Every structure is written in C-alpha cells, then in structure tokens.
Q: 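Quick one: this structure, given as structure tokens, is what I'll be asking you about.
Note that the coordinates shown come from a computational prediction; the quantities given were computed from them, not determined experimentally. Counting starts at 1 for both ligands and their atoms, following the listed order.
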Amino acid sequence: MKRCELCGRAVETTKHHLIPKNRRDSPIARLCSPCHEQVHAAFTHHELKQDFHTVDRLRDADRLQSFLAWIRKTDKTDIRVKETERVRKWRE
Ligand SMILES: [Zn+2]
Ligand SMILES: [Zn+2]
C-alpha cells in the first residue's frame with residue numbers, strides 16, 4: 001500500500017523532487033497531492049533546496065504543523081485550496 005511520507009496517510013502519492021530544479025540527481029519523496037501542493041505553497045524552491053531537502057525536515061517544519069495536524073485527520077485527497085487560504089492556514 002502506498003503511503004504519503006509526510007502525513008503518513010495510505011493514499012495515492014505523487015513524486016516530489018526534494019532538490020528542486022535538479023530532477024536528475026534529486027532524491028524523490030512520495031507525497032499525497034494535498035501535501036505536495038502545500039509544500040510548494042509554503043516554500044520557495046530556494047528554501048526547499050537550502051533547508052528542507054529531506055522528508056524529516058519537511059515533517060518538522062514549523063510552517064507545516066497546522067496543515068499536517070489537519071490533513072492527518074481527513075481522508076481527502078482531492079483538496080484544492082486556494083493559494084491565499086493555503087498561505088493563511090500555514091501562518092496560523
Ligand atoms: Zn500527505
Ligand atoms: Zn514537488
């Protein structure tokens with residue numbers, strides 16, 4: 001069974017390149033689509049590359065905690081949050 005490496009839910013996952021813009025050499029994490037979108041909404045490519053290039057670091061990132069606490073309680077995979085709402089959510 002597939003499992004999202006960030007929220008731990010057993011759902012379909014997508015490939016996230018942990019080092020953006022270096023797809024050939026980048027390690028890959030399997031993230032569900034809401035987590036994947038949230039990661040890219042919360043971090044710039046530069047931040048991902050510099051500071052959040054492992055799943056452990058993403059999982060511990062302050063700005064993802066409220067999102068992760070929420071997503072772990074749902075079984076939704078088709079979440080399409082507007083950018084402003086995403087940004088608001090992770091700032092809470
Ligand atoms: Zn997830
Ligand atoms: Zn990605």
Q: Looking at CZ of F52 and CZ of R63, how far apart are the two atoms once the value is rounded to the nearest 0.5 Å?
A: 5.5 Å
Q: Is L68 close to C35 at the side-chain level, that is, under 4.5 Å between some pair of heavy atoms?
A: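 SC-SC contact between C35 and L68 confirmed.
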Q: How open is the angle at the Zn ion (ligand 1) from atom SG of C4 over to atom SG of C35, rounded to 10 degrees?
A: 110°
Q: Look at the side chain of R57 and the backbone N and O of L48, then say whether any donor-acceptor pair between them is shorter than 3.5 Å.
A: no
Q: Mind checking whether K15 and H36 have side chains closer than 4.5 Å, heavy atoms only?
A: no
Q: Between L64 and F43, is there a side-chain heavy-atom distance shorter than 4.5 Å?
A: yes
Q: Report yes if some heavy atom in the side chain of L58 is under 4.5 Å from a heavy atom in the side chain of L6; otherwise report no.
A: yes
Q: Check R9 against P34 and note the closest heavy-atom contact, atom names and distance.
A: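 Closest pair (atom of R9, atom of P34, distance): NH2-CG, 4.0 Å.
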Q: At the Zn ion (ligand 1), what's the angle from C32 SG to C7 SG, rounded to 10 degrees?
A: 110°
Q: With 2.8 Å as the threshold, which protein atoms of type N, O or S lie near the Zn ion (ligand 2)? Leave waters out.
A: H16 ND1, H36 NE2, H40 NE2
